[in-house]
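In what follows, a structure is listed as structure tokens, so that the remarks can point back to it.
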Amino acid sequence: MRSDIIKEGVERLPHRALLYATGIPRSEINKPFIGVATSFTDIIPGHIGMRDLERFIEKGVHTGGGYPFFFGVPGICDGIAMGHRGMHYSLPSRELIADMVETVAEAHQFDGLLLLTNCDKITPGMLMAAGRVNIPTIVVTAGPMHSGHLRGRRLSLVNDTFEAIGKYRKGLIGDEEIQALEMCACPGVGSCQGMYTANTMACVTEALGMSIPYCATALASEAEKRRIAFESGRRVVELVEKGVTPRKIMTRKAFENAIRVDMALGGSTNTVLHIPAIARDAGVRLPLEVFDDLSRTTPHIADMLPGGKHYLEDLHYAGGIPAVLRRLKDLIHNTPTVSGMRTHRIADSAEISDGEVIRPLEKAHHREGWIAILRGNLAPQGAVVKQSAVSRKMMRFEGTARVFDSEEAGMKAILDGTISPGDVVVIRYEGPKGGPGMREMLSPTATIAGMGLSESVALITDGRFSGGTRGPCIGHISPEAMEGGPLAVIRDGDRIRIDIPDRRIDALLSEEELQRRLAAWKQPEPKIKKGYLSRYARMVSSAASGAVMEG
């Protein structure tokens, strides 16, 4: 076993003394050592139930014949960090999490890993570490939240709180309604109820083969999640015994399966950052074009929030990810998973209990998947749009640029009512380097939707969007403004044309004018000049390559 390096031989006497100081009995010292990375915290609703799941993981590891060692990993709630300085830290925390799991696993030479996670950057960070360390690993995502309820209707975080801000500003709802929504939209433990980033990444993880079946959608508050935690703990010891490592699971074909499931579900645009970053650490090259190619040939079969009407609980009760795999069986590769079953066997064993929640391919909501990769003179290296959340009317749009050099400035203009139909809101210097940290633009996009402007106003940015964003919102514009990309020289009044079916985004400027402006551009001073974010800004790559730290 790998852990023998810290417990075998006379020269490891001090090491064994320290291990025995933890309370481990002699009878357990020669069993596989399983590191359990837990992101439990009191401040993230998706993580507050993890203490319970930790107990069942521990029981499972002991039952399987291993010995667990728990260690903590930090987490950020993107919803709470949204719209202020805190969001600068969200995406960069992914790199910290990956580094921390790698560091602890390598320093203590664990035989295997169990990764207990749930929310936006924590799951991809842990998966990145799994690919790097490459010892037998299973991921347990802690599960989605039940829908909220108010006066006979179901509620979700994004649609019923973030978008309520715009409705309130327009006078469509009052103080009493606001207070009721903030108390009822999030009823308790779990990740936010729609196909936002946390749940999208849970579904991607299961489709990738790194979680056991039904883990992604089993609700945080239900006993099924405990049984999944127990079985994952037991099963990871078997993976150690059989030598099944993440790089045997996370192959190019497995990533293609995960992307297809993502396209079929209408997930978060953040997966276009996270999946390539995970693939890179797993030794798999995954260029941006793969997303667009697979999207063009994957029907969108699940109408999930925020753009649709179904909640994660609906997807789970309809059959979960195994049922989605069943629908997509002819399109997916037959790859291995941590459960020991290959994807086609999982698909064959699935039951689809609601054909409206998970539609047949021939009755898909859209013939293409949710994502489109746009290019043009504004985004030579690419940009990302969630096309499944854009109305048919706005798939082609030409408008007038309203330019802002920060999210705060753009948000102020939206709330002040100075954005009009026909405008293209441009928010720049919010990319990986310029932000720094590539902040999510949920507050501006949700406010635009809440004010009833999502059918007449577009938003483009070198920042990124929450999984909760809907409407004609185009992000990840690369190169970003801070790197001297064309977005940096757009001016108020310029005309911008968006053509999602033809995958184009262009400023209606001559090449000569664009080059003249670029030649005169000077890089602004960094917004943040000290601490981790300063180091991150110097080392982070383009959004087009996953915004990973290099060097």
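All heavy atoms count here, side chains included; hydrogens, waters and symmetry mates do not. No experiment lies behind these values; they were computed from the predicted model shown.
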Would you say His333 and Glu256 are linked by a side-chain donor-acceptor pair, where the criterion is simply a distance under 3.5 Å?
yes
Can any side-chain N or O of Arg280 pair as donor or acceptor with the backbone N or O of Arg285 at less than 3.5 Å?
no
Does the pair Leu127 and His274 meet the rule for a side chain to side chain contact (heavy atoms under 4.5 Å, CB included), with working shown?
CA-CA 9 Å; Leu127 281 168; His274 298 324; over 6 Å; no
What distance separates Arg439 CZ from Thr461 OG1, expressed to the nearest 0.5 Å?
9.5 Å
salt_bridge(Arg235, Glu238) N-O dist < 4.0 Å
yes
Is the side chain of Arg252 donor-acceptor paired with the backbone N or O of Val284 at a distance under 3.5 Å, no angle test?
no
Using the ring pair (Phe, Tyr, Trp, His ring centres under 6.0 Å) rule, collect all pairs that involve residues 209-262, keeping only residues at least two apart or in two chains.
none
Backbone of Ile34 reached by a side-chain donor or acceptor of Asp111 within 3.5 Å:
no
Under 3.5 Å donor-acceptor, His88 side chain and Gly435 backbone:
yes
Between Ser353 and Tyr317, is there a donor-acceptor pair closer than 3.5 Å when you use the side chain of the first and the backbone of the second?
yes
Quick check for you: to the nearest 0.5 Å, what is the distance between Lys7 atom NZ and Gln109 atom CD?
11.0 Å
Could you tell me if the side chain of Thr343 sits less than 4.5 Å from the side chain of Thr337, heavy atoms only?
yes
Nearest-0.5 Å distance, NZ of residue Lys225 to CG of residue Leu53
7.5 Å
Nearest heavy-atom contact between Ser268 and Asp262 is N-OD1, 4.4 Å
Would you indicate whether the side-chain heavy atoms of Met441 and Glu407 approach each other to under 4.5 Å?
yes
Would you call Met87 and Arg464 a side-chain contact if the rule is heavy atoms closer than 4.5 Å?
yes
List the steps, then state whether side chain to side chain contact (heavy atoms under 4.5 Å, CB included) holds for Phe110 with Val104.
CA-CA 9 Å; Phe110 292 133; Val104 175; 3.9 Å; yes
I'd like to know if the side chain of Arg234 pairs up with that of Thr63 as donor and acceptor (distance under 3.5 Å, no hydrogens or angles considered).
no
Crowding at CD, Glu351 (>12 non-hydrogen neighbours, <6.0 Å):
no
Do Ser534 and Arg538 have side-chain N/O donor and acceptor atoms under 3.5 Å apart?
yes
With a sphere of 6.0 Å drawn around CD1 of Ile80, does it hold more than 12 non-hydrogen atoms of other residues, nucleotides or ligands?
yes
Establish, yes or no, whether a centroid distance under 6.0 Å links the rings of His108 and Phe33.
no
Is any side-chain heavy atom of Val101 closer than 4.5 Å to a side-chain heavy atom of Val133?
no
Glu483 and Ser478: CA distance, side-chain angles, deciding distance, side chain to side chain contact (heavy atoms under 4.5 Å, CB included) verdict:
CA-CA 9 Å; Glu483 292 184 307; Ser478 300; over 6 Å; no
Restricting to non-hydrogen atoms, name the atom on Ile371 and the atom on Ser295 that form the minimum distance, rounded to 0.1 Å.
O-OG, 2.7 Å
Under a 4.0 Å threshold between the charged nitrogen and the carboxylate oxygen, would Asp281 count as salt-bridged to Arg132?
yes
Would a distance-only check, ignoring hydrogens and angles, find a side-chain to backbone donor-acceptor pair under 3.5 Å from Lys248 to Gly243?
yes
Ser147 and Glu313: side-chain donor and acceptor closer than 3.5 Å?
yes
Thr335 and Asn257: side-chain donor and acceptor closer than 3.5 Å?
yes
Any side-chain heavy-atom pair from Ser443 and Phe162 closer than 4.5 angstrom?
yes
To the nearest 0.5 Å, how far apart are CE in Met145 and OG in Ser191?
7.5 Å
Between His47 and Thr41, is any side-chain donor less than 3.5 angstrom from a side-chain acceptor?
no
Restricting to non-hydrogen atoms, name the atom on Cys119 and the atom on Gly46 that form the minimum distance, rounded to 0.1 Å.
SG-CA, 4.2 Å
Of all the heavy-atom pairs spanning Asp462 and Met438, show the shortest one and how long it is.
O-CE, 3.8 Å
Heavy-atom closest pair, residues Met304 and Leu265
CG-O, 3.6 Å
Note: His316 and Thr217 closest approach over all heavy atoms is ND1-OG1, 2.7 Å
With sequence neighbours excluded, give me every salt bridge (charged side-chain N to carboxylate O under 4.0 Å, His left out) pair touching residues 19-43.
Glu28-Lys31
Ignoring hydrogens and angles, tell me if any N or O in the side chain of Asn118 forms a donor-acceptor pair with the backbone of Gly190 under 3.5 Å.
no
Between Asp4 and Arg12, does any NZ, NE, NH1 or NH2 come within less than 4.0 Å of an OD or OE carboxylate oxygen?
no
For Arg326, is there an ion pair with Asp348 - N to carboxylate O distance below 4.0 angstrom?
no
Does Lys433 use its side chain to pair, donor to acceptor, with the backbone of Ala537 at less than 3.5 Å?
yes
So, Tyr196 and Ser156: side-chain donor and acceptor under 3.5 Å apart, yes or no?
yes
Approximate separation, where rounding is to 0.5 Å, of Met549 CE and Asp99 CG:
7.5 Å
Could you check whether Arg535 pairs with Glu95 (Lys NZ or Arg NE/NH1/NH2 to Asp/Glu carboxylate O, under 4.0 Å)?
no
Have Thr141 and Thr117 got a donor and an acceptor in their side chains that come within less than 3.5 Å?
no
Tell me, with the steps shown, if Leu208 and Ile249 meet side chain to side chain contact (heavy atoms under 4.5 Å, CB included).
CA-CA 8 Å; Leu208 188 58; Ile249 303 292; 5.7 Å; no
Pairwise side-chain contact, Thr200 with Thr197, heavy-atom cut-off 4.5 Å (strictly under)
no
Checking salt bridge (charged side-chain N to carboxylate O under 4.0 Å, His left out) for the pair Lys527/Glu430: CA distance, chi angles, key distance, verdict?
CA-CA 10 Å; Lys527 294 178 184 175; Glu430 290 289 2; 3.6 Å; yes
Do Ser466 and Thr469 have side chains that get closer than 4.5 Å, going by heavy atoms?
yes
Approximate separation, where rounding is to 0.5 Å, of Asp120 CG and Met201 CE
9.5 Å
Could you list the donor-acceptor pairs under 3.5 angstrom formed by side chains in residues 54-61, with sequence neighbours left out?
from, atom 1, to, atom 2, distance (Å)
Glu54, OE1, Arg51, NH1, 2.9
Glu54, OE2, Thr38, OG1, 2.6
Glu54, OE2, Arg51, NH1, 2.8

Quick check: does any side chain N or O of Arg470 sit under 3.5 Å from a backbone N or O of Ala389, one acting as donor and the other as acceptor?
no
Side chain Arg16, main chain Gly9, donor-acceptor under 3.5 Å:
yes
Under 6.0 Å between the ring centres of Phe71 and Phe69?
no
Side chains of Ser232 and Val236, heavy atoms from C-beta outward: is any pair under 4.5 Å?
no
